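Letters A, B, ... are given to chains in the order of the sequence lines, protein chains preceding strands, and every chain is numbered from 1. Predicted model, so just to flag it, every value in this text is computed and none were measured.
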Protein chains: 2
Amino acid sequence: MPTLEEIAKLSGVSRSTVSRVINNDPHVSDPTYKKVMAVVREFNYQPNIAARSLASGHTRVLGLVIPTGVSKLFTDPYFQILIQGVSSACNAHDYSVMLWLAEPEYERRMIKKILNNGLVDGVVVSSMVVDDVIVEALVESELPFMLIGRHPTVTDVNYVDVDNVASAKEIVTHLLRLGYTRVATITGPLNAISGVDRYEGYIEALSSRGIKIDTGLIVEGDFSEEGGYYAMRRLLSQSPQAVFVASDPMAMGAMRALHEAGLSIPEDVALVGFDDIPASARSNPPLTTIRQPVHMLGSVAVKTLIDLIEHPVADLHHIILPTQLVIRESCGVDLIS
Amino acid sequence: MPTLEEIAKLSGVSRSTVSRVINNDPHVSDPTYKKVMAVVREFNYQPNIAARSLASGHTRVLGLVIPTGVSKLFTDPYFQILIQGVSSACNAHDYSVMLWLAEPEYERRMIKKILNNGLVDGVVVSSMVVDDVIVEALVESELPFMLIGRHPTVTDVNYVDVDNVASAKEIVTHLLRLGYTRVATITGPLNAISGVDRYEGYIEALSSRGIKIDTGLIVEGDFSEEGGYYAMRRLLSQSPQAVFVASDPMAMGAMRALHEAGLSIPEDVALVGFDDIPASARSNPPLTTIRQPVHMLGSVAVKTLIDLIEHPVADLHHIILPTQLVIRESCGVDLIS
DNA sequence: CCCGCGATTGGGAGCGCTCCCAAAACCTCG
DNA sequence: CGAGGTTTTGGGAGCGCTCCCAATCGCGGG
């Protein structure tokens, strides 16, 4: 592995000039540029990142933090797609991504490591949990960061999110419009902001149609298939006409419970989800759900973060990405008309 | 963020002594150690990684390369669990992980970046495809690396894998022992080594029982749910008694095709898979499959790699992890006894 | 033909750490 | 009490790059 200095010698110019060439500094004459580039290519020269970082103070590396204490949740395709979105946006901008799956036992130590080690120029945090310590730590540090999913209490930070409340309201309203009146919900964990927001949307949808809330029809889940399954079983005795399940993996579990109980969807119970994971299009029956642009959440977070790093500004970014109601068969058809 | 030098001044010792303290060098007297540590903690000092890397030549960062040209495949829980295994082993050893999802269009450029940028001390590669360029490139570079999954042609490299041939043979043999004779297979992509190996195991199982191979019963899939679905549909006309599906996601697809065709499992067609993804325990019926220790594949790869980095030795590591036949309901019960 | 100015180029001074060697401090024991 | 050894400690010399400033080059106009 040659060094800058060697490339300089080899091409008969100074260290500085080579540095200019590899950094696309315009203050280089065309012949010099070509001469140096030829040598660079010939020796397949790659600048040493550590040296560059030390000298320049930045690394072109972003951290991606997924505080999934619950490894069960990490099986959710959501994270996979998110990682993909982050990764591809980083590639496109010539950044690398450092992945931190924050296991709870390491969390404290880890946060310090993340913030202080100078390894990353910024971090993307997939925030989920309400009392997340990392966000405060991030605020204290001066490291640029983007949250994926808004934070419940700290609002003066940058984030990208979907409108969970409105989207949940939309899909529940769809159910109501189809004529169902006894609509239950399996919520997400209520210590997760998206869990709370989707629940909120459910409440709003019912309320705005003057339907009073029946707490018997509300069961808290945990976003997992298993959680959906058990929640649905508990709901069975209440014989709801329709159920808004706050995540597709839970909806899969709910379907399983329903099938086991010999009930058919949507004839006996209509079901809708939230997320539109790949499996939802292929379930039996295909699931009506809200499509989140998960990949885009990741890539937008990265793009915004990079912009923030390279052109620091004071103003806050609160980006809301659109969702889409995807109507399939699990919600049944209009009962009224 | 204080520097080493500042901590040294603050604690009244030299730069070198502080360096020794933070690196746990035994050549430090106890009082000095305590004195320095107090200051380190008080100022929450974290050594600058870039500087440390530049000076020491290593980074305590491992690269994880997943050359999933096919993003479809990345939805497979396999990778998620693999990433988790790698990540947690890294955490445990105080290493960080740099994630590279190698999208095909970036591949060439990326490989160079990975190998030369000096950002990582070693890489773990989830190798899948037969004609993978990265492995050769890795061999040329002097970077330590571990493959997850053996390479079809390059054998003098370190890898950790399961015995796909033997495991496939085991599960197909199980099918044969149950009394099925007309056993089909939906293979993985045959440009993936695991696809080939599992197919091989299928052939061996039949052959060793003197059953001659019927090419009509062999359909190539691609490890995805979709692929399994379409492959099963093609297989339907051959009316197999049982099918060995080379991956669980494909088995899910095959089940879907079977259900659609109104056939029941295992009464009309028995089905077995390979992988034991979480969903397999909950499918209808639960899937008989081979359990791979995916998490462990990741963590063993990391541990071995770290050992390789820290204690370089010449000898090759070819680690084979055990699999387990998990019998559930999809394979039916003994037809003979 | 010389001055002045913009476009190029060169070189010094670090960035914050590790590593090595030598100096200092401390023991042990004859 | 001092030689000789063993710990500890200190400081210089980089690691390979960027950044800044000064030096050089080239060229048009007076």
*Stepwise ring pair (Phe, Tyr, Trp, His ring centres under 6.0 Å) check, B/Tyr159 with B/His318*: CA-CA 5 Å; B/Tyr159 64 77; B/His318 289 177; 4.2 Å; yes
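A side-chain N or O of B/Asn23 and one of B/Arg52 form a donor-acceptor pair less than 3.5 Å apart.
Remark: B/Phe145 pairs with no residue by the ring-ring contact (aromatic ring centres under 6.0 Å, His included) rule, at least two apart or across chains. For A/Lys34, the salt bridge (charged side-chain N to carboxylate O under 4.0 Å, His left out) partners two or more places apart in sequence, or in a different chain, are A/Asp30. Every residue two or more places apart in sequence or in another chain was checked for a side chain to side chain donor-acceptor pair (under 3.5 Å) with B/Ser141, and none qualifies. Every residue meeting the side-chain contact (heavy atoms from CB on, under 4.5 Å) condition with B/Arg20, not counting sequence neighbours, appears here in chain and number order: B/Ser16, B/Thr17, B/Asp25, B/Val28.
Nucleotide D/dT9 holds its C1' atom 12 Å from the NE2 atom of B/His27, rounded to whole Å.
Nucleic acid contact for B/Thr32: sugar-phosphate only, since backbone atoms but no base atoms lie under 4.0 Å from a heavy atom of the residue.
Note on the helix from C/dC1-D/dG30 to C/dG30-D/dC1: terminal axis deviation equals 50°, with five pairs used at each end and the result rounded to 10°.
A/Arg60 has a carboxylate O that lies under 4.0 Å from a charged side-chain N of A/Glu310, or vice versa, which qualifies the two as a salt bridge.
Here the CD atom belonging to A/Gln292 is positioned 8.0 Å from the CG atom belonging to A/Asp161, to the nearest 0.5 angstrom.
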*asked:* I need a per-nucleotide contact map over nucleotides 14-20 of chain D, read 5' to 3'. Cutoff is protein heavy atoms under 4.0 Å; write B for the base, S for backbone only, - otherwise.
replied: BBBBBBB
